[in-house]
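To start, the structure under review is shown below, and the notes come after it.
Quick caveat, the model's predicted, so the values are computed rather than measured. Counting begins at 1 with the first residue of the sequence.
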Amino acid sequence: MTEIDQNGCFWVNPPGHTLSLFANYFSGRTSPSLAYEFTCAYWHSGVRDVPLNAQENANFDCLVKNKYQVDTHHIFISLVRDALTSKRA
(Lines give C-alpha, C1' and ligand atoms only; values in the text may rest on other atoms or scores of the structure.)
Protein backbone atom coordinates (compact mmCIF):
# COMPACT_ATOMS: atom_id res chain seq x y z
CA MET A 1 0.00 0.00 0.00
CA THR A 2 1.36 3.42 -0.94
CA GLU A 3 1.07 6.66 1.05
CA ILE A 4 -1.34 7.90 -1.60
CA ASP A 5 -3.54 4.86 -0.85
CA GLN A 6 -3.43 5.66 2.86
CA ASN A 7 -4.04 9.41 2.48
CA GLY A 8 -6.46 9.29 -0.44
CA CYS A 9 -4.90 12.46 -1.83
CA PHE A 10 -1.66 13.86 -3.22
CA TRP A 11 -0.10 17.03 -4.64
CA VAL A 12 1.39 17.33 -8.11
CA ASN A 13 4.36 19.64 -8.65
CA PRO A 14 4.94 19.36 -12.42
CA PRO A 15 8.47 20.48 -13.30
CA GLY A 16 8.68 23.20 -15.94
CA HIS A 17 11.21 23.29 -18.74
CA THR A 18 13.61 25.39 -16.64
CA LEU A 19 13.83 22.65 -14.01
CA SER A 20 15.33 19.84 -16.06
CA LEU A 21 18.03 19.28 -13.41
CA PHE A 22 15.28 18.86 -10.79
CA ALA A 23 13.50 16.35 -13.05
CA ASN A 24 16.76 14.45 -13.51
CA TYR A 25 17.19 14.13 -9.72
CA PHE A 26 13.74 12.62 -9.23
CA SER A 27 13.93 10.33 -12.24
CA GLY A 28 17.20 8.84 -10.98
CA ARG A 29 19.25 10.12 -13.94
CA THR A 30 21.91 11.64 -11.67
CA SER A 31 24.65 9.92 -9.73
CA PRO A 32 23.34 7.35 -7.22
CA SER A 33 24.32 9.56 -4.27
CA LEU A 34 22.11 12.40 -5.57
CA ALA A 35 19.07 10.40 -6.70
CA TYR A 36 15.83 11.61 -5.12
CA GLU A 37 17.62 14.48 -3.35
CA PHE A 38 15.05 17.01 -2.09
CA THR A 39 17.62 19.75 -1.47
CA CYS A 40 17.83 20.47 -5.21
CA ALA A 41 14.71 22.71 -5.02
CA TYR A 42 13.08 25.34 -2.80
CA TRP A 43 10.09 23.98 -0.89
CA HIS A 44 7.28 25.48 1.19
CA SER A 45 4.25 23.96 2.94
CA GLY A 46 0.89 23.88 1.21
CA VAL A 47 -2.51 24.32 2.85
CA ARG A 48 -2.59 20.61 3.77
CA ASP A 49 1.02 20.71 5.06
CA VAL A 50 2.45 19.01 2.00
CA PRO A 51 5.69 20.05 0.27
CA LEU A 52 5.19 22.39 -2.68
CA ASN A 53 8.02 23.31 -5.00
CA ALA A 54 8.26 27.11 -4.92
CA GLN A 55 9.95 27.16 -8.33
CA GLU A 56 7.06 25.58 -10.22
CA ASN A 57 4.48 27.43 -12.29
CA ALA A 58 1.66 25.36 -10.77
CA ASN A 59 0.82 22.93 -7.97
CA PHE A 60 -2.27 20.71 -7.89
CA ASP A 61 -4.08 19.25 -4.86
CA CYS A 62 -5.66 15.96 -6.01
CA LEU A 63 -8.26 13.70 -4.39
CA VAL A 64 -8.10 10.05 -5.49
CA LYS A 65 -11.35 8.92 -7.11
CA ASN A 66 -10.18 5.57 -8.53
CA LYS A 67 -6.96 3.59 -8.73
CA TYR A 68 -5.50 0.79 -10.80
CA GLN A 69 -2.33 -1.26 -10.67
CA VAL A 70 -0.81 -2.29 -13.97
CA ASP A 71 2.28 -4.43 -13.52
CA THR A 72 4.63 -2.28 -11.41
CA HIS A 73 2.72 0.99 -11.93
CA HIS A 74 0.03 2.56 -9.77
CA ILE A 75 -2.44 4.71 -11.73
CA PHE A 76 -4.55 7.21 -9.80
CA ILE A 77 -7.61 8.85 -11.38
CA SER A 78 -8.14 12.01 -9.37
CA LEU A 79 -10.15 15.17 -8.94
CA VAL A 80 -8.19 18.42 -8.70
CA ARG A 81 -9.40 20.11 -5.50
CA ASP A 82 -7.13 23.14 -5.65
CA ALA A 83 -4.66 24.60 -8.10
CA LEU A 84 -2.00 27.13 -7.20
CA THR A 85 -0.19 29.11 -9.86
CA SER A 86 2.80 31.42 -9.69
CA LYS A 87 3.10 34.84 -11.28
CA ARG A 88 5.13 33.12 -14.01
CA ALA A 89 2.21 30.94 -15.13
Do I75 and V12 sit in the same hydrophobic cluster, where Ile, Leu, Val, Met, Phe, Trp and Tyr count as joined when their side-chain heavy atoms come under 4.5 Å apart?
no
Establish whether W11 and F76 are linked, either directly or via other cluster members, by ILVMFWY side-chain heavy-atom contacts under 4.5 Å.
no
Check the hydrophobic clustering (I, L, V, M, F, W, Y; side-chain heavy atoms under 4.5 Å; chains of links allowed) and say if F60 and L84 are grouped together.
no
Side-chain contact test, heavy atoms from C-beta onward, threshold under 4.5 Å: evaluate it for L63 versus S78 and give yes or no.
no
Any donor-acceptor pair under 3.5 Å from E3 side chain to D5 backbone:
no
Distance in Å, L79 CG paired with D61 CG, rounded so as to fall on 0.5 Å steps:
9.0 Å
Taking every heavy atom of R81 against every heavy atom of C9, the minimum-distance pair comes out as NH2-CB, 3.3 Å
